[in-house]
Protein chains: 2
Amino acid sequence: MARAKRATLKSIASDLGVTHTSVSNAWNNPAKVSKELRDRIFAHAATVHYEGPNPAARSLRTGRCGAIGVLFNDQLSYAFTDAHDIAFLRGISSVCEEEGANIVLIPLKDKHPERLDNLTAIVDGYILNAPYKSHPTIRKALARRLPTVVVDFDAPELPSVLTNDRAMMREVVSHLLTLGHRHIAIVTFPWSQDHGEIFTLGHDVSDENHVVHERVLGCRDAFEAAGVAPDGVLVCETPNDEDGGQRAVDRLLRRRHDLTAMVCFSDRLAHGVVARCQALGLSVPRRMSVTGYDGIDPPGRPSEGMKLTTVRQNAFEKGRKAAEALLCAPVQAGTPIRIAAQFVAGDSSAAAWELTE
Amino acid sequence: MARAKRATLKSIASDLGVTHTSVSNAWNNPAKVSKELRDRIFAHAATVHYEGPNPAARSLRTGRCGAIGVLFNDQLSYAFTDAHDIAFLRGISSVCEEEGANIVLIPLKDKHPERLDNLTAIVDGYILNAPYKSHPTIRKALARRLPTVVVDFDAPELPSVLTNDRAMMREVVSHLLTLGHRHIAIVTFPWSQDHGEIFTLGHDVSDENHVVHERVLGCRDAFEAAGVAPDGVLVCETPNDEDGGQRAVDRLLRRRHDLTAMVCFSDRLAHGVVARCQALGLSVPRRMSVTGYDGIDPPGRPSEGMKLTTVRQNAFEKGRKAAEALLCAPVQAGTPIRIAAQFVAGDSSAAAWELTE
DNA sequence: GTGGATATGTTTATCGTTAAACATTGGCGG
DNA sequence: CCGCCAATGTTTAACGATAAACATATCCAC
């Protein structure tokens, strides 16, 4: 059975012997149509299952669609495992609910590069979350020149929401240096799409990923301020999950077994690092200090287990501000919105001298 | 400075002295355009910042837009706090990544009922997650008669993904009855938009929310099978979060202080119930048995704390199947896809006789 | 040299709206 | 009775694309 053709403004208009503009007005400018006609229109619309103007056609005509696109650095299905990204989305949602806007989640088209040209999202603007500078999907989104807000991304020409990653990382490393640690390694998630190497802090860091770049610089700042040569500090790049953290421990210890502290760029990495250290018999924090980043309270019950030394980010607020900048009060490009993070000393870091002596 | 007018197929065509169809083909049917012309087109497109055909116009013409809409029962910003919903979204995402489809999250338009008529989402189809039968946004979505897959919803005329809630709940209650409990109460999240009452299992249950309906019936089954009168079983409706669980304890104990077990319809509720019981000096499970639903491993580290007696759902798989049904292999309406849940006995339930004696 | 496929473009109609400008009518003040 | 405004419709022109049918040239087989 062939699906019956859908009713349109025009078909309703001709059914009723009026012009389609009047039918359109029944929905969009009720004041311009007599109550009597409006009732007739709605009544007839109901019988032919007409559910209001076709949104694609309206969007074409008006140039707006009432939705904002959100792009993540990684696979979407990854984002939904990351407490930071989830809180960020929650922040966006809270604004979109108030404004009545829809959210379009756009998977990176890694598996379908050909669709880059074909299926671009129907959105009024974009929020780009910590994007890789040169990722094709990101570039494509930027190239469309729609209103765009970037988060944790260095783009002076765009409105942006930024955190104080560099200063926070400086604080974390200083914390460890103050505790007497001198053999510290860094565990980071990938700073570009292809990853896996071990570097040292002496290397120049690509700014492909602004977050990693800032945090690495923060670390270097602290080491240099303490007179520690950056060349001696290992930086291990690894996938951002517990398993990645676990493997980083092995890779790092293979190079330097005298490490007494590991600075992780996410709590997930830190959890993996802690787990692997304990499995190797290196107690945390007595034998190995570990720090995280994000400040994810392990849901369930909070106060259990070891409290990670970490940096608490306000991902929810990041999302809110980004969405507000896009939907409510347009923000100037020159002045980024700053969301301050906060250093939290926990139980996973302790003085180093007990073992280095 | 007025924003320069955007280039279109037509403007590019006339710039180049060809027809706009050829320009369109350069993107959509490359084989139909000589390589030489295609290069000229792309080159010129780049200089005028043309980023490919306008998606709204294309969508109007082709009738497809490459996105699916997802609707939740509750506020979107709530969904992002609920581990079940997040896993569900992750399942949908994993399919959308493979298929290159976008996901449109549609907030319930509670705060903007007037936008119901105005801003309908531009999507090729819907996934409705455990929707309230009569919620206006849900009804509106259904009324559009786009391809739709419902999850945990009773709609024989639509393809659906269902779980075995009723059987699982029967198992939970039987478990408690077998342990000797006779004074059991039920803690549920709201079964309609307005909520808050305490009922008994003797009451008829609205099927406004299919999940609650099925679970309540499952409980009743088990009580009846054991010869316990449903009239004596209290059912407390409360917001689906820890606080809601906490308050439910107070409300229930005020009515019946001889309760020895509380059956919760979500793990979040159960966590609140456990917390409140312990605060009241009622140790779990010695003095009070508590069961949950969902099987959310408290992230962070799994094996810590008390293991809740619960039902493990596979929300990820629910999401995957729903998305597959919509995007890949269209599913027949008559035969729901079943995702089995699994009863998990934990440490939060124990024999009752120690205290009822 | 005839006929038919292949490659490359063009013409024209259409998708379903909204917005601006233009008609028509009735009411009302002066 | 004139003129103007408000109320209610209508006419017409986009919005920016895609698809089907049609035109023309080229090539090759037989």
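Reminder, nothing fancy here: chain letters follow the sequence lines and each chain counts from 1. All values derive from a computational prediction rather than experimental measurement. Side chains are part of it too, since the values below use all heavy atoms of this structure and drop only hydrogens, waters and symmetry mates.
- Residue A:Arg61 contributes atom CZ, which lies 16 Å from atom P of D:dT12 at whole-angstrom precision.
- In this entry the distance linking CG of B:Asn25 with P of C:dT10 reads 10 Å, nearest Å.
- Shown here is A:Glu157, whose CD atom has more than 12 heavy atoms of other residues, nucleotides or ligands within 6.0 Å.
- The CZ atom of B:Arg58 sits 21 Å away from the P atom of C:dT17 (whole-angstrom rounding).
- As a whole-Å value, the separation of B:Arg6 CZ from D:dG16 P is 10 Å.
- Whole-Å rounding puts the A:Arg64 CZ to C:dT17 C1' distance at 15 Å.
- In this structure, B:Glu51 places its CD atom 17 Å from C1' of D:dA17, rounding to the nearest Å.
- Distance, A:Asn28 CG to C:dA20 C1': 15 Å, rounded to whole Å.
- Protein atom CZ of B:Arg38 is 9 Å distant from nucleotide atom P of C:dT8, rounded to whole Å.
- At a threshold of 4.0 angstrom between heavy atoms, the contacts of A:Ser22 include nucleobase atoms, whether or not backbone atoms are also involved.
- Minimum interatomic distance between A:Leu108 and A:Phe72 (heavy atoms only, all atoms of both residues): CD2-O, 3.3 Å.
- The shortest distance between the side-chain N/O atoms of B:Lys5 and the OP1/OP2 oxygens of D:dC15 is below 4.0 Å.
- At a threshold of 4.5 Å between non-hydrogen side-chain atoms, the residues B:Lys321 and B:Glu324 count as touching.
- One distance of note links CG of A:Leu105 with CD1 of A:Ile92; it measures 8.5 Å at 0.5 Å rounding.
- Contact of B:Thr21 with D:dA19 (side chain to base): a donor-acceptor pair of N or O atoms is detected under 3.5 Å.
- Along DNA chain D, the nucleotide nearest B:Ala57 and the nucleotide nearest B:Lys32 are compared for position; the residue whose nucleotide lies closer to the 5' end is B:Ala57.
- Along DNA chain C, the nucleotide nearest B:Leu37 and the nucleotide nearest B:Leu60 are compared for position; the residue whose nucleotide lies closer to the 5' end is B:Leu37.
- Closest of all the heavy-atom pairs between A:Arg320 and A:Ser94 is NH1-OG, 2.9 Å.
- Residues A:Val33 and A:Ala26 come closest through the heavy atom pair CG2-N, 3.9 Å.
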Report task. Dump the intermediate steps for side chain to side chain contact (heavy atoms under 4.5 Å, CB included) on A:Cys96 and B:Leu76, then the final yes or no. Result -> CA-CA 9 Å; A:Cys96 287; B:Leu76 251 182; 5.9 Å; no
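- Residue A:Asn54 places no side-chain N or O under 4.0 Å from the OP1 or OP2 atom of C:dT17.
- For DNA chain D, the residues of residues 12-20 of chain B within the heavy-atom distance limit of 4.0 Å (strictly under) are B:His20, sorted by number.
- The A:Ser24 side chain lies nearest to C:dT18 when the options are D:dG9, D:dG16, C:dT18.
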